[in-house]
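What follows is a short report on a single structure.
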Amino acid sequence: MKQRIAMWSVAGFLVSGCWVILTFLTSPMTFAKPAVRILAIIVQPIALVSFRFHVPMHFLEVMIANAATYGLIGLMVETLRRSLHHAR
């Protein structure tokens with residue numbers, strides 16, 4: 001179970017890393033589009049804090065926070081999966 005949760009965290013870190021690369025490769029106006037913003041908020045829940053409250057965050061802080069968020073989501077999913085598996 002620990003390895004699965006770690007994989008969720010790594011996935012969150014990698015997703016956030018892809019957004020960082022996208023940020024460096026595109027213009028700032030790309031993130032002004034509503035569709036891009038909604039997608040960023042869906043795959044990076046910490047982006048909601050940054051967009052909503054105008055909190056400036058460094059890229060590495062966002063990546064670490066996203067990894068922690070995905071880790072918590074993974075913990076919930078794996079706990080639910082495990083409890084449903086034992087119920088059968």
Side-chain angles (χ1 to χ4, degrees):
M1 187 165 149
K2 290 179 185 179
Q3 290 178 343
R4 289 178 184 257
I5 295 170
M7 287 189 311
W8 276 86
S9 293
V10 169
F13 192 81
L14 291 176
V15 165
S16 189
C18 289
W19 277 96
V20 168
I21 292 170
L22 182 70
T23 302
F24 286 138
L25 295 178
T26 60
S27 69
M29 293 307 295
T30 303
F31 293 98
K33 297 177 183 174
V36 176
R37 230 178 221 203
I38 290 171
L39 183 62
I41 289 171
I42 289 172
V43 299
Q44 293 189 114
I46 194 66
L48 180 63
V49 174
S50 182
F51 288 146
R52 179 79 172 132
F53 301 111
H54 304 290
V55 177
M57 296 179 76
H58 192 268
F59 290 120
L60 187 58
E61 292 172 341
V62 172
M63 292 173 74
I64 291 170
N66 201 45
T69 304
Y70 271 58
L72 289 173
I73 292 169
L75 178 65
M76 291 186 289
V77 168
E78 294 301 326
T79 302
L80 183 64
R81 186 189 65 81
R82 191 173 187 186
S83 66
L84 290 175
H85 181 68
H86 286 313
R88 291 181 187 182

Distance-only criterion, 3.5 Å: show the donor-acceptor pairs between side-chain atoms of residues 32-46 and protein atoms not counting sequence neighbours.
{"residue": "Arg37", "atom": "NE", "partner": "Phe31", "partner atom": "O", "Å": "3.3"}
{"residue": "Gln44", "atom": "OE1", "partner": "Ser16", "partner atom": "OG", "Å": "2.9"}

[X] with [Y], same ILVMFWY side-chain cluster at under 4.5 Å:
X     : Y     : result
Leu22 : Tyr70 : yes
Val10 : Val15 : no
Val55 : Val62 : yes

State the [atom1]-[atom2] distance between [X] and [Y], to the nearest 0.5 angstrom.
X     : Y     : atom1 : atom2 : result
Met57 : Asn66 : CE    : CG    : 9.5 Å
Phe24 : Phe59 : CZ    : CZ    : 4.5 Å
Leu14 : Trp19 : CG    : CH2   : 15.0 Å
His58 : Met63 : NE2   : CE    : 10.5 Å

Query - Qualifying residues under side chain to side chain contact (heavy atoms under 4.5 Å, CB included), relative to His54, sequence neighbours excluded - result: none

Enumerate, atom names and distances included, each donor-acceptor pair closer than 3.5 Å involving a side-chain atom of residues 71-80, sequence neighbours excluded.
{"residue": "Glu78", "atom": "OE1", "partner": "Arg81", "partner atom": "NE", "Å": "2.9"}
{"residue": "Glu78", "atom": "OE1", "partner": "Arg81", "partner atom": "NH2", "Å": "3.2"}
{"residue": "Glu78", "atom": "OE2", "partner": "Trp8", "partner atom": "NE1", "Å": "3.4"}
{"residue": "Thr79", "atom": "OG1", "partner": "Leu75", "partner atom": "O", "Å": "2.6"}

